[in-house]
Amino acid sequence: MGELIAILSGKGGTGKTSICAGVATALAQLGEDVLCIDCDIGLRNLDISLGMADSGALSFREVYEGGYDLSQAAVHPEYPKLRFLTAPMNCAPEEIDREAFAQLLRQARSQFSYIFLDAPAGVDTGFRICASFADRVILVTGSDPASIRDASRTGELLELMGKESVRLVVNRINPKMFETLDITVDDIMDRAGLPLLGIVPEDANVVLAATFRKSLLGCTKKGAAAACRRIAKRIQGLPIPVSIK
Ligand SMILES: Nc1ncnc2c1ncn2[C@@H]1O[C@H](COP(=O)(O)OP(=O)(O)O)[C@@H](O)[C@H]1O
Ligand SMILES: [Mg+2]
């Protein structure tokens with residue numbers, strides 16, 4: 001049975017889509033069957049971060065409405081184990097047929113090892129749909145105090161929803177700044193009140209890869225790409241330590 005992972009944050013622009021694409025690609029490189037679903041209806045852009053902007057991908061709505069089969073989900077041009085369903089156009093999150101979507105996810109669980117839901121910003125309907133189906137939540141936050149506090153509040157909200165497996169990814173960190181301020185991984189966990197799944201550095205390659213419509217891991221093995229690979233291995237259950245350096 002595959003595992004359903006929702007990539008969430010309260011704040012927008014924390015790097016959900018970039019982390020979702022990086023970690024999903026890493027898992028596919030590691031030999032896992034992975035399905036990414038863009039749930040950011042209206043502002044969808046996971047196709048770009050995956051390097052699949054030209055894939056003409058089916059939307060999850062086209063599949064759950066029955067016109068297409070899950071086996072027709074777009075296949076990544078470099079990583080055949082990575083598949084993708086985009087978000088439907090011209091559709092409010094409230095219009096999503098939850099029962100039909102749930103049925104699609106049940107089917108996906110039987111065909112893939114990992115299914116990623118890339119959520120929209122905010123804590124409204126799209127957030128709730130993604131959280132409600134998730135076996136595990138990755139909360140993506142920036143490293144500044146306001147972002148960590150925001151993540152902590154979002155974590156509380158997820159706790160109220162009964163979500164137990166919630167882990168934090170701190171994105172866009174500047175290791176030198178952490179060294180100067182003498183901040184440790186434990187400090188971040190204490191502030192957020194959540195366990196850490198990983199730390200991703202600020203890395204110009206994230207923007208460059210998206211600009212050239214390539215996947216981050218197809219462009220580089222260092223920096224944010226290496227961090228995504230470590231997160232992927234932790235998701236697989238490997239004991240890879242989290243360190244800021
Ligand atoms: N680690 C990183 N280093 C540099 N830029 C990043 C990093 N993560 C995300 N970005 C950039 O930040 C912006 C927002 O990222 P995105 O993944 O779209 O966030 P979200 O999905 O949370 O809105 C994008 O321009 C992206 O390229
Ligand atoms: Mg996004």
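First listed ligand is number 1; within each ligand, the first listed atom is number 1.
- Contact check on R136 versus E3 returns a salt bridge, with a Lys/Arg side-chain nitrogen under 4.0 Å from an Asp/Glu carboxylate oxygen.
- For the Mg ion (ligand 2), protein N/O/S neighbours under 2.8 Å (waters excluded) are T17 OG1.
- Residues R109 and D135 are paired through a salt bridge, judged by an N-O separation under 4.0 Å between the basic side chain and the carboxylate.
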Return a table of N or O atom pairs, ligand 1 on one side and protein on the other, at distances under 3.5 Å, rounded to 0.1 Å.
from: ligand 1; atom 1: 1 (N); to: N171; atom 2: OD1; distance (Å): 2.9
from: ligand 1; atom 1: 1 (N); to: P201; atom 2: O; distance (Å): 2.9
from: ligand 1; atom 1: 3 (N); to: D203; atom 2: N; distance (Å): 2.9
from: ligand 1; atom 1: 3 (N); to: D203; atom 2: O; distance (Å): 3.3
from: ligand 1; atom 1: 5 (N); to: R172; atom 2: NH2; distance (Å): 3.3
from: ligand 1; atom 1: 8 (N); to: N171; atom 2: ND2; distance (Å): 2.9
from: ligand 1; atom 1: 12 (O); to: R172; atom 2: NH1; distance (Å): 2.9
from: ligand 1; atom 1: 17 (O); to: T17; atom 2: N; distance (Å): 3.4
from: ligand 1; atom 1: 17 (O); to: S18; atom 2: N; distance (Å): 2.8
from: ligand 1; atom 1: 17 (O); to: S18; atom 2: OG; distance (Å): 2.6
from: ligand 1; atom 1: 19 (O); to: G15; atom 2: N; distance (Å): 3.0
from: ligand 1; atom 1: 21 (O); to: T17; atom 2: N; distance (Å): 2.9
from: ligand 1; atom 1: 21 (O); to: T17; atom 2: OG1; distance (Å): 2.8
from: ligand 1; atom 1: 22 (O); to: T14; atom 2: N; distance (Å): 3.2
from: ligand 1; atom 1: 22 (O); to: G15; atom 2: N; distance (Å): 3.0
from: ligand 1; atom 1: 22 (O); to: K16; atom 2: N; distance (Å): 2.9
from: ligand 1; atom 1: 22 (O); to: K16; atom 2: NZ; distance (Å): 2.7
from: ligand 1; atom 1: 23 (O); to: G13; atom 2: N; distance (Å): 3.1

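- We find that R149 and E156 are not joined by a salt bridge, their nearest charged nitrogen and carboxylate oxygen being 4.0 Å or further apart.
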Throw together a table of side-chain donor-acceptor distances under 3.5 angstrom for residues 45-54, partners on residues two or more places apart or in other chains.
none

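- In this view, D124 satisfies the side chain to side chain donor-acceptor pair (under 3.5 Å) rule with no residue, not counting sequence neighbours.
- The line from CG of D203 to OG1 of T220 is 6.5 Å long, rounded to the nearest 0.5 Å.
- Judged purely by atom type and a 3.5 angstrom limit, D38 has no side-chain atom pairing as donor or acceptor with the backbone of R44.
- Here the rule is side-chain contact (heavy atoms from CB on, under 4.5 Å) with F116, and of I19, L27, I37 only L27 fits it.
- T86 has its side chain out of reach of F60: every pair of non-hydrogen atoms, C-beta onward, lies at least 4.5 Å apart.
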